[in-house]
Amino acid sequence: QVQLVESGGGWVQPGGSLTLSCVVSVSIGSFYVMCWYRQPPGKQRELVATITSGDNVNYVDSVKARFTISRDSAKNTVYLQMNSLKPEDTAVYYCNVRRTGLISVHAYWGQGTQVTVSS
């Protein structure tokens with residue numbers, strides 16, 4: 001069973017920083033892509049950042065130059081460094097990892113962690 005445990009969310013003032021962590025219960029080497037999504041209240045879920053097993057990274061335009069996704073294979077952990085936070089970054093942030101099965105892609109989700117940016 002694959003489980004994802006997210007942490008690091010909380011409240012921060014605009015311009016502040018947070019680092020989110022996602023600890024996966026199995027080796028993250030099994031996954032070809034690891035992602036962070038977010039869902040603001042009342043809005044649809046949005047893909048924020050991805051990192052592949054080859055360390056290719058991508059970000060939604062609104063977080064480029066402010067957020068950094070990374071991984072630590074020894075700790076089975078995916079991180080999202082969040083700098084220069086804005087009120088519009090307020091959302092529940094979800095970790096997602098994906099791996100191939102015999103006939104389909106398997107995706108696993110964390111429980112989400114709340115990030116609130118306000119003054």
Side-chain angles (χ1 to χ4, degrees):
Q1 183 177 351
V2 177
Q3 292 182 301
L4 282 60
V5 179
E6 300 162 339
S7 62
W11 173 85
V12 66
Q13 295 187 20
S17 299
L18 289 172
T19 299
L20 306 183
S21 299
C22 173
V23 180
V24 185
S25 63
V26 300
S27 173
I28 61 173
S30 301
F31 303 98
Y32 70 89
V33 65
M34 292 149 282
C35 311
W36 285 96
Y37 287 79
R38 67 185 180 187
Q39 187 168 22
K43 297 183 179 180
Q44 295 183 8
R45 185 179 60 194
E46 174 189 38
L47 178 62
V48 176
T50 65
I51 184 168
T52 71
S53 59
D55 286 326
N56 293 316
V57 298
N58 283 285
Y59 304 93
V60 68
D61 286 344
S62 60
V63 309
K64 287 181 178 178
R66 299 190 298 119
F67 291 11
T68 302
I69 187 171
S70 61
R71 60 183 173 91
D72 187 334
S73 296
K75 297 180 179 180
N76 292 331
T77 302
V78 184
Y79 302 96
L80 186 67
Q81 298 172 259
M82 308 166 66
N83 300 322
S84 301
L85 283 162
K86 304 175 181 179
E88 50 264 46
D89 295 319
T90 296
V92 178
Y93 284 71
Y94 297 93
C95 185
N96 169 263
V97 299
R98 304 173 189 177
R99 66 184 180 187
T100 58
L102 290 176
I103 61 172
S104 65
V105 173
H106 296 268
Y108 303 91
W109 294 89
Q111 79 287 352
T113 184
Q114 177 71 47
V115 172
T116 302
V117 185
S118 69
S119 59

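Checked by atom type and distance alone, the side chain of Ser25 pairs as donor or acceptor with a backbone atom of Gln3 at under 3.5 Å. Thr113 places a side-chain N or O within 3.5 Å of a backbone atom of Gly9 that can act as its donor or acceptor partner. Remark: side-chain polar atoms of Arg71 are paired, donor with acceptor, to backbone N or O of Ser53 under 3.5 angstrom.
With sequence neighbours left out, the disulfide (SG to SG under 2.5 Å) criterion links Cys22 to Cys95. Under the rule for a side-chain hydrogen bond (donor to acceptor under 3.5 Å, both in side chains), the partners of Arg66 that lie at least two apart in sequence or sit in another chain are Asp89.
The two residues Tyr94 and Glu6 come nearest to each other via the heavy atoms C-OE2, 3.0 Å. Annotation for Gln111 and Leu4: closest pair OE1-O, 3.3 Å, computed over non-hydrogen atoms. What you find for Arg99 and Val2 is that their closest heavy atoms are NH2-CG2, 3.6 Å. For the residue pair Ala91 and Gln114, the shortest heavy atom distance occurs at O-NE2, 3.5 Å.
The hydrophobic cluster containing Val97 does not contain Val105, counting ILVMFWY residues as joined when their side-chain heavy atoms lie under 4.5 angstrom apart, directly or transitively. Hydrophobic clustering (ILVMFWY, side-chain heavy atoms < 4.5 Å, transitive): Val23 and Ile69 are in distinct clusters. Two different hydrophobic clusters hold Val92 and Val12 under the rule that ILVMFWY side chains link at heavy-atom gaps under 4.5 Å. In terms of hydrophobic clustering, with Ile, Leu, Val, Met, Phe, Trp and Tyr side chains grouped at heavy-atom distances under 4.5 Å, Val60 and Phe67 are assigned to a common cluster.
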Worksheet item: side chain to side chain contact (heavy atoms under 4.5 Å, CB included) between Trp11 and Ser118: does it pass, once the steps are laid out?
Response: CA-CA 7 Å; Trp11 173 85; Ser118 69; 2.8 Å; yes

Practice prompt. Starting from the C-alpha separation in whole Å, work towards a yes-or-no answer on side chain to side chain contact (heavy atoms under 4.5 Å, CB included) for Gln39 and Gln44.
Written response: CA-CA 6 Å; Gln39 187 168 22; Gln44 295 183 8; 5.6 Å; no

Worksheet entry | Chi angles and distances behind the side chain to side chain contact (heavy atoms under 4.5 Å, CB included) call for Arg98, Thr50 | CA-CA 11 Å; Arg98 304 173 189 177; Thr50 65; over 6 Å; no

Discussion item. As a quick check of understanding, evaluate side chain to side chain contact (heavy atoms under 4.5 Å, CB included) for Tyr59 and Leu47, giving each step before the final call.
Written reply: CA-CA 8 Å; Tyr59 304 93; Leu47 178 62; over 6 Å; no

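Side-chain contact, Tyr37 with Arg45: no donor N or O sits under 3.5 Å from an acceptor N or O.
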Just list the side-chain donor-acceptor pairs under 3.5 Å for residues 74-86, sequence neighbours left out, or say none.
unit_1 : atom_1 : unit_2 : atom_2 : d
Asn76  : OD1    : Ile28  : N      : 3.4
Thr77  : OG1    : Lys75  : O      : 2.8
Asn83  : OD1    : Ser17  : OG     : 3.0

